[in-house]
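Here is the structure we will look at.
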Amino acid sequence: MKTVGVLALQGDFAAHQAALERAGAESVQVRDAEQLRHIDGLVIPGGESTTMLKLLHYENLLQPVVQFAREKPVFGTCAGAILLAKEVFHPSQESFGIMDIDVERNGYGRQLDSRVAQLEPEADFQQRTAPGRLEAVFIRAPVIRRIGAETKVLVRYNGDPVLVEDRRHLAATFHPELTADSRIHKLFLEKL
Ligand code: GLN
């Protein structure tokens, strides 16, 4: 059985572990580089991307995680998606450059800080998982402002991509770990 690691420096990593369990996978918390050698894929949770970056530097984990992400599947949600991006702005910030996407932090603005939306996923997503609408929880979410030619959009919200993938990676600007719908975590498990 494949093992999924969840980066456990900061943020809602415990909710991801519960979601992975609902999707049928075992997971372990990752806090150092050695642990990366024992996992098949990594989830980078939501939280605060600036804090996560500081902790990644402090733990000497930034380069090992970037190297891992070049070779293995990684799923980033919200702050995790910000870390995976090529360019981050508003304000600009260092990122892994692993996915060919540019993101604007807190792109929905202060008034619309957090919300729950019912979304109609792209047909391809529904065919590969299961049909039906998707409940998406946005919390100070980033907006994906640019996607590369190799990046595929699986779910949109008001026209903006909110769930995107490339061959090995998946990024959500919302929090699929906070709802009972396991389709997105299952889709990630298929990349392992
Ligand atoms: N606004 C946060 C950031 O910029 C992300 C919020 C989240 O992960 N829910 O890192």
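Whatever order the structure lists them in is the order used to number ligands and atoms, beginning at 1. Sequence positions, counted from 1, serve as the residue numbers for this chain.
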Within the protein, residues bringing a heavy atom under 4.0 Å of ligand 1, chain by chain: Gly46, Gly47, Glu48, Ser49, Cys78, Ala79, Ile82, Arg105, Asn106, Ile139, Arg140, His175
Quiz: residues 38-48 side-chain donor-acceptor pairs under 3.5 angstrom, not counting sequence neighbours:
unit_1 : atom_1 : unit_2 : atom_2 : d
His38  : NE2    : Glu34  : OE2    : 2.9
Asp40  : OD2    : Thr3   : N      : 2.7
Glu48  : OE1    : Thr50  : N      : 3.1
Glu48  : OE1    : Thr51  : N      : 3.2
Glu48  : OE1    : Thr51  : OG1    : 3.3
Glu48  : OE2    : Arg105 : NH2    : 2.9

Exceeds 12 heavy-atom contacts within 6.0 angstrom, atom CD of Glu120: yes
Donor-acceptor contacts, no H, no angles, side chain residues 150-157, under 3.5 Å, sequence neighbours left out:
unit_1 : atom_1 : unit_2 : atom_2 : d
Thr151 : OG1    : Asp100 : O      : 3.4
Thr151 : OG1    : Gly148 : N      : 3.4
Thr151 : OG1    : Gly148 : O      : 3.4
Lys152 : NZ     : Asp124 : OD2    : 3.1
Arg156 : NH1    : Gly159 : O      : 3.0
Tyr157 : OH     : Arg115 : NH1    : 2.7

His90 side chain vs Gly107 backbone, donor-acceptor pair below 3.5 Å: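 Not a single qualifying donor-acceptor pair exists.
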Pair Gln35-Gln29, side-chain donor/acceptor within less than 3.5 Å: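 Result is no, nothing qualifies.
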Apart from Val116 itself, residues in the same hydrophobic cluster as defined by side-chain heavy atoms under 4.5 Å: Val137, Ile139, Leu178
